[in-house]
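Down below is the structure, laid out as structure tokens.
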Amino acid sequence: MRNFVSIYDIDNLQQAVKEALEVKKTPFAWDTLGKNKTMLLVFFDSSLRTRLSTQKAAMNLGMNTMVLDVNQGAWKLETERGVIMDGDKSEHILEAIPVMASYCDIIGVRSFARFDNREADYNEVVLNQFIKYSGKPVVSMEAATRHPLQSFADLITIEEHKKTAKPKVVLTWAPHPRVLPQAVPNSFAEWMNATAYDFVITHPEGYELAPEFVGKAKVEYNQRKAFEGADFIYAKNWSAYFGDSYGKILSKDRSWTVDAEKMALTNNAYFMHCLPVRRNMIVTDEVIEGPQSIVIKEAANREVSAQTVIKRILESQPA
Ligand code: AN0
Ligand code: CP
């Protein structure tokens, strides 16, 4: 594996899950693989889980790790070429990327959608500049359109908990006070569509995701109907994708909050969310604290997905 930016960087998903479960069982079995190698994690946006789990994963493999928060202590970076840099940005990403790359062997990047321009976001302008100008393997730690380390952890978690070969998995939109990206739901849909699961997406009208991510998923606008017989409920907020509404909040309707009454419509479903989660907007205290909530196990699997990915990259690098 050279880069990890989407599901397309994994050729055999079943094999990858199998390998992840081995990594989980014996995390220190490859603890010299990354000796004298350095992983740099570059954050343009905040993080708790990704920051810690990716460092831990790299350390389990014997790597050194460095973290740079671009907006705290580093120079503000210009990302567009051709701009006259007479504003607040002191450095251009076209110098910063090769400089950062010269100090490390693998680069992780977190850069969310900016919502100024849908085309720029969906072309992954920032992530692709890292791939093009670093000369080093690049791992997406959530980019504008996808969060593949999260989706891989989600798949591992579902595989560990599923009771039937083809569980019903429901991705439900839920309300949130701030504008959030589509990366997590896009990516989750992409990974679920690559399985044999019965996969359903439910959201209010206007919150349709990009067709290339919805794929063959069933879209059900009635949330209660979608929940019927579900084995997994995966909640997430996202902002609108289509037309002039791109990056806008169309609804904060709390009748979409996941609560115990709605969970009772399911087949005793597990509750999942990538975290961070806003309680009593996305999900009630009762549901997230309840016995079917697997959000902490899901977050713990972020170390496993990251370690599996970094291991594969190290294994395919020259010594
Ligand atoms: C981000 C998002 O929705 O993409 C990160 C989630 C992992 N969430 C927030 O910014 C709250
Ligand atoms: N789920 C996730 O990526 O969390 P952080 O934003 O805290 O890294």
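Values below: every heavy atom of this structure, side chains too, minus hydrogens, waters and symmetry copies. Whatever order the structure lists ligands and atoms in, that order sets their numbers, starting from 1.
A salt bridge is absent between Glu228 and Arg224; no separation between the charged side-chain nitrogens and carboxylate oxygens falls under 4.0 Å. Looking at Glu91 and Lys76, no side-chain N of the basic residue comes within less than 4.0 Å of a carboxylate O on the acidic one, giving no salt bridge. Salt bridge annotation for Glu303-Arg49: absent, with no cationic side-chain nitrogen under 4.0 angstrom from a carboxylate oxygen. A salt bridge does not link Asp259 with Arg254: every distance from a Lys NZ or Arg NE/NH1/NH2 to an Asp or Glu carboxylate oxygen is 4.0 Å or more.
Some N or O of Lys236 is nearer than 3.5 Å to an N or O of ligand 1, by distance alone. Below 3.5 Å of separation, one finds no N or O of Glu142 facing any N or O of ligand 2. Among the atoms of Thr50, some N or O lies under 3.5 angstrom from an N or O of ligand 2. Note: an N/O pair closer than 3.5 Å links Cys274 and ligand 2 by distance alone.
Of all heavy-atom pairs between His203 and Trp256, the closest is C-CH2, 3.2 Å.
Residue-level proximity to ligand 2 for Arg302 is carried by the side chain, the only part with a heavy atom below 4.0 angstrom. Neither the backbone nor the side chain of Asn237 comes within 4.0 Å of ligand 1, counting heavy atoms alone.
For atom 4 (O) of ligand 2, the closest heavy atom belonging to the protein is Arg49 NE, 2.8 Å. Of the protein's non-hydrogen atoms, the one nearest atom 11 (C) of ligand 1 is Leu180 CD2, 3.7 Å. Atom 6 (O) of ligand 2 has Arg110 NH1, 2.8 Å as its closest protein atom, hydrogens excluded (heavy atom only).
For atom 4 (O) of ligand 1, the candidate residues are Arg49, Arg302, Arg278, Glu142; the nearest heavy-atom contact is made by Glu142.
Of the possible polar contacts, one joining the Lys248 side chain to the Asp244 backbone as a donor-acceptor pair under 3.5 Å is found. Formation of a donor-acceptor pair under 3.5 Å by the Ser239 side chain with backbone atoms of Leu180 is found in this model.
Below 4.0 Å from some heavy atom of His147 lie the following atoms of ligand 2, by number and element: 2 (C), 3 (O). Annotation for ligand 1: atoms under 4.0 Å from non-hydrogen atoms of Leu275 are 7 (C). Annotation for ligand 2: atoms under 4.0 Å from non-hydrogen atoms of Leu275 are 1 (N), 2 (C), 4 (O). Proximity to Leu48 (heavy-atom distance under 4.0 Å) selects the following atoms of ligand 2: 5 (P), 7 (O), 8 (O).
Remark: aromatic rings of Tyr234 and His273 are distant, center separation not under 6.0 Å.
Residues Val126 and Phe44 are in side-chain contact: their nearest non-hydrogen atoms beyond the backbone lie under 4.5 Å apart.
In terms of the ring pair (Phe, Tyr, Trp, His ring centres under 6.0 Å) criterion, residue partners of Tyr270 (sequence neighbours excluded) are, by chain and number, His161, Phe232.
Residue contact check for ligand 1: Pro181 places a non-hydrogen atom closer than 4.0 Å to it.
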